[in-house]
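Worksheet for the structure shown next.
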Amino acid sequence: MTSFVKPKIRRLNEPTNGLGKTRADYDGAMSTLCAGCGHDSVTAALARAFYELSTDPKDVVKVSGIGCSSKTTTYFLKDAHGANTVHGRMPSFATGAAAVNKNLTYVGVSGDGDSLSIGLGQMAHAIRRNVDMIYMLENNGVYGLTKGQFSASSDIGSKAKKGATNMLPPIDPAIMALSIGATFVARSFSGDKQQLVSLIKAGIAHRGFALIDVISPCVSFNDHKGSTKSYAHTYQYYHKAVHADYVPPSEEITASYDEGEAMPVELHDGGSILLRKLDKDYDPTNRASAMEKLMQSQQTQEILTGLLYIDESRPAMAEHKKLPETPLHSIPYSKLNPGADALRKLQDEFR
Amino acid sequence: MKPTDTSNPDYFHKVVDCQWACPAHTPVPAYIRLIAQGRYSDAYLLNRDSNVFPGILGRVCDRPCEPACRRTRVDGEPVAICRLKRVAADHRDDVTSRLPQKPDQTNGKRIALIGAGPASFTVANDLAPLGYECTIFEKLPEAGGLMRANIPAFRLPEKVLNEELQYILDMGVELKLNSPVSSMKALLDEGWDAVFVGTGAPKGKDLHLPGREEADANIHIGIDWLESVAFEHIDSIGKNVLIIGVGNTAMDCCRTSLRLGAENVKVMARKPRNFFKASEWELEDAEEENIQIVVNHSPKAFVTEHGKLVGMTFELMEYDVDDKGEITGQRIIGEETLPCDDVILAIGQENAFPWIEKDAGIEFGKWDVPVVDEETFESTHEGVFFGGDSAFGPKNIIWAVEHGHQAAISIHRHCQGLGLRDRAPREVELQSAKMGMFEWRYSNAYTAAERREMEHVALVDRFQRLNIEVELGFNAEQIAVEVQRCLNCDVQTVFEAPLCEECDACIDVCPVECLSITPVADSEAELRASLSQPEAPEDQSLYVSNPLPLTGRVMIKDENVCLHCGLCAERCPTSAWDMKEGVIKIPHADDQVETVA
Ligand SMILES: Cc1cc2nc3c(=O)[nH]c(=O)nc-3n(C[C@H](O)[C@H](O)[C@H](O)COP(=O)(O)OP(=O)(O)OC[C@H]3O[C@@H](n4cnc5c(N)ncnc54)[C@H](O)[C@@H]3O)c2cc1C
Ligand SMILES: Cc1ncc(C[n+]2csc(CCOP(=O)(O)OP(=O)(O)O)c2C)c(N)n1
Ligand code: SF4
Ligand code: SF4
Ligand code: SF4
Ligand SMILES: [Mg+2]
């Protein structure tokens with residue numbers, strides 16, 4: 001029998017995490033994306049990050065919009081909650097979910113089409129609200145699912161598979177996010193699993209909205225010569241500026257780096273992110289200089305990656321909206337609906 | 001670290017753990033696929049090419065392939081390789097017309113083969129079809145060597161043995177029974193073109209303790225006793241029997257005793273269980289028959305009354321065992337005498353060549369074993385070859401077969417005047433197994449089923465006669481499941497570095513995480529440290545590719561746990577990974593380039 005199903009195998013002596021789960025316990029259904037799609041690697045990185053964090057999949061909510069990228073929530077953490085929503089509307093759905101239950105971990109998965117075209121306004125406001133979630137923007141420069149139209153992240157001059165040239169300026173999601181107050185902005189590449197896994201772990205631990213813009217090549221429609229989102233192009237222009245390692249609360253920072261290179265950022269969960277500047281003059285805690293560097297890199301075509309900006313001081317949505325600790329589903333009905341008298345009293349206050 | 005040289009045929013061969021471990025390099029996964037397709041005769045003949053006696057070995061092979069099987073590293077239990085071999089043999093059609101045939105004409109070269117065991121029979125099997133006139137001299141009245149004289153019929157039925165020996169005799173081999181060779185010099189004087197010594201290791205060890213002479217009538221040397229039983233010179237034994245030693249011979253002695261009327265049989269071991277020499281399955285089969293295995297009893301004396309054996313005294317031992325499981329100290333903590341009517345000694349075999357004169361030109365080394373070349377099997381006398389147990393001491397049938405193949409190559413080359421060492425090399429032939437999208441020429445799906453258990457004749461029935469075969473063979477359901485447990489390790493993952501665009505798809509899909517792309521490392525140790533299973537056994541290979549075109553990094557594959565599921569090749573957008581069926585060509589005498597004119 002020929003098969004195309006990833007078998008689940010408990011190997012002898014297979015490593016397990018703090019919950020006794022194996023890496024494979026964080027897998028989902030078999031991917032139906034094209035063989036070689038970068039999105040599958042992002043999926044694998046998410047599964048690995050959650051495995052390494054020993055997160056119980058039942059405490060995770062996966063949300064997405066529409067697109068090949070958005071399909072991938074099915075392919076990891078099969079025991080987590082989740083929904084595929086309407087094209088571009090995932091941020092609103094996630095905002096609502098995070099508002100009614102702040103105790104779960106929210107993972108948004110989207111594409112450059114889903115986030116930067118139809119969903120641009122949606123994403124912007126989730127960033128402004130600092131919704132406590134990690135947002136994976138799987139960026140391939142095209143609408144993959146609808147067979148390769150240029151997306152809003154496509155660079156000027158980038159060629160389509162059939163030869164057309166993109167003339168419209170790209171939206172850089174990192175620059176845009178910085179400009180509207182984002183508190184965690186990272187960029188990575190599906191081909192660099194090590195960096196991606198560290199960034200995902202740091203993003204999950206960060207309080208508030210964590211954007212990871214992942215260059216994730218579309219092998220079928222945007223991996224040709226002349227494309228600026230191909231594997232070959234990305235490997236050529238890929239540049240690591242800042243390395244970030246998440247250190248959980250239980251662990252001490254043991255690695256020692258040269259003075260000036262390493263920089264720990266304390267997190268609200270008691271853990272920290274250890275930043276290692278690979279570019280000495282890059283300061284990932286300075287919004288203006290981060291933006292400047294990113295704009296410069298646009299000109300040099302360099303793909304600046306790593307944790308580009310972090311601000312741990314701003315409260316997440318749940319804090320500044322003073323949302324209850326108890327999830328909505330656990331608040332008794334009598335408290336949720338105190339009755340007509342209570343409503344009248346409230347209305348009287350506004351007269 | 002240098003890129004792996006996959007053009008070395010040993011690289012892909014080693015990936016096929018079972019075939020690599022088999023002394024005769026039987027292509028196990030290939031014959032299992034044939035069984036899966038119901039092609040039993042084809043599976044039998046493919047087996048026969050390598051191991052000559054699939055029916056015999058499908059029952060009693062020492063099966064070094066099984067502990068090596070990749071499946072043991074996945075779910076702990078090897079594929080029942082040996083049982084499947086028996087399936088091929090049991091269900092084959094008449095294959096006589098498809099066997100190597102007696103040639104119309106001989107080539108005039110005369111070969112003397114001494115001893116009618118598996119070693120000599122293999123030499124004859126390889127040489128007779130090429131035209132050699134082979135004559136086997138056997139001292140016993142029947143052929144087969146220890147397979148006839150020692151391996152009991154309840155494990156190896158006579159019919160199975162006879163059939164497979166007859167195949168070879170039908171190739172025009174002359175068999176002279178009741179014909180012991182008593183002088184090597186006289187034989188050499190007869191002007192044979194080559195002589196092969198396949199006389200085994202015929203001497204069972206004795207145990208010289210107080211009382212040995214007096215009790216002689218009831219003390220038996222295991223291999224001699226089994227031979228006497230096989231040739232019906234002995235048909236009974238006392239009620240209480242002690243077997244000394246806990247190797248495979250001991251297992252056959254104790255089980256045979258039960259069939260000759262013994263009621264209470266104990267196997268006496270000097271050491272604890274993990275030091276036993278017997279194969280685990282032979283121990284299990286004996287214990288199933290209520291044989292008691294007594295540990296930590298070291299023989300001290302035979303006890304006699306009125307000149308007759310009545311018991312045996314043992315020292316009770318205690319051992320210190322270290323973390324590695326090795327004995328570091330021992331002491332005697334007491335003594336015990338057990339009553340018995342008979343004692344069977346099963347404490348080992350030795351070589352003995354009383355018939356080879358000291359001045360025959362054959363050099364003997366330590367412990368009176370002949371000096372034999374490990375590649376050519378030639379002795380220090382040109383044209384005289386040794387193989388099987390006679391060459392390097394007691395081993396097993398499959399080793400005897402492999403020695404026979406190698407000696408046959410040497411004899412062939414010797415008779416053709418060719419250098420013995422310029423043997424045809426091993427080769428690997430690779431052919432893509434891809435049939436289409438999601439379609440492979442082999443069953444790539446992983447089957448989680450557990451190893452099927454062999455069923456046995458009920459205890460109440462099996463002791464009635466000496467020759468009731470205990471194992472029943474696999475039924476249809478067992479065959480269908482067990483063939484699917486094989487991982488098809490011979491369908492190799494073959495990598496073309498120039499095609500890879502480092503998308504990671506293969507790495508992500510691999511269910512056992514055995515792939516990675518890493519910067520070039522200086523040493524294998526450095527690479528191993530970065531593996532998903534760093535504790536992988538060192539004897540398993542690491543594949544290191546040529547540098548990849550985009551980044552100069554390398555693709556690494558840890559061969560240790562690869563399931564050969566083909567998902568990496570299925571997910572690779574550029575076919576940098578492909579699954580290719582690899583045929584490992586192991587040359588035999590008929591594959592030597594210069595054949596008989
Ligand atoms: C009790 C017992 C059980 C065993 N069980 C197994 C098992 O389950 N599986 C397994 O793989 N192996 C088993 N073995 C080992 C296996 O039988 C031998 O390793 C194998 O038979 C060796 O083959 P051979 O051709 O070298 O010699 P042998 O099989 O020993 O044959 C040698 C032949 O040469 C004859 N001979 C000796 N001297 C002369 C002479 N001067 N002139 C003429 N003929 C002579 C002998 O009579 C004998 O027939 C067992 C061995 C014993 C003792
Ligand atoms: C409201 C609406 N408009 C348009 C579409 C068609 N559509 C489906 S996916 C998609 C773009 C997806 O692009 P992206 O988010 O980049 O995902 P990719 O497939 O590239 O991963 C579009 C326009 C739709 N499904 N719904
Ligand atoms: S079309 Fe492109 S984005 Fe969609 S699955 Fe295929 S490679 Fe991935
Ligand atoms: S065949 Fe490929 S995917 Fe399957 S286990 Fe082996 S390396 Fe992994
Ligand atoms: S799937 Fe193919 S192209 Fe992608 S990394 Fe693996 S071998 Fe290279
Ligand atoms: Mg896209």
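Everything numeric here is computed off the predicted structure, so don't read it as measured data. Below, read A as the first sequence line, B as the second, and so on, with proteins coming before strands; counting in each chain starts at 1. Just so you know, these numbers use all the heavy atoms, side chains as well, and skip hydrogens, waters and symmetry mates.
Contact annotation for B:Cys506: neither backbone nor side-chain heavy atoms come within less than 4.5 Å of a heavy atom of chain A. There is no contact between A:Ala24 and chain B, counting heavy-atom distances below 4.5 Å. For B:Thr72, the part sitting under 4.5 Å from any heavy atom of chain A is the backbone (N, CA, C, O) and nothing else.
Heavy-atom contacts from other residues, nucleotides or ligands closer than 6.0 Å to CD of B:Glu526 number more than 12. Residue-environment remark: CD (B:Gln431) stays at or below the threshold of 12 foreign heavy atoms within 6.0 Å. More than 12 heavy atoms of other residues, nucleotides or ligands lie within 6.0 Å of NZ in A:Lys8, so this atom counts as buried by the packing criterion.
Taking 4.5 Å as the heavy-atom cut-off, the residues of residues 193-204 of chain A that approach chain B are A:Lys193, ordered by number.
When all heavy atoms are compared, the tightest approach of A:Pro7 to B:Pro511 is O-CB, 3.6 Å. Between A:Ile9 and B:Leu563, the shortest heavy-atom distance links the atoms CD1-CD1, 2.8 Å. Taking all atoms of both residues into account, the shortest heavy-atom contact from A:Lys6 to B:Asp508 is NZ-O, 2.9 Å. The minimum heavy-atom distance between B:Val509 and A:Met30, with the atom names listed, is CG2-CE, 3.5 Å. Nearest heavy atoms, B:Pro573 versus A:Ala35: CB-O, 3.2 Å.
Every residue was checked against the ring pair (Phe, Tyr, Trp, His ring centres under 6.0 Å) condition with A:Phe150, not counting sequence neighbours, and none meets it.
Side-chain atoms of A:Tyr231 do not come within 3.5 Å of backbone N or O of B:Leu550 as any donor-acceptor pair. Checked by atom type and distance alone, the side chain of A:Ser41 pairs as donor or acceptor with a backbone atom of B:Cys503 at under 3.5 Å.
Between B:Arg571 and A:Ser31 the shortest side-chain heavy-atom distance falls below 4.5 Å.
For the atom pair A:Tyr235 OH and B:Leu548 CG, the distance stands at 8.5 Å (nearest 0.5 Å).
Chain A forms more heavy-atom pairs under 4.5 Å with one residue of B:Ile517, B:Ile507, B:Asp504 than with any other, namely B:Asp504.
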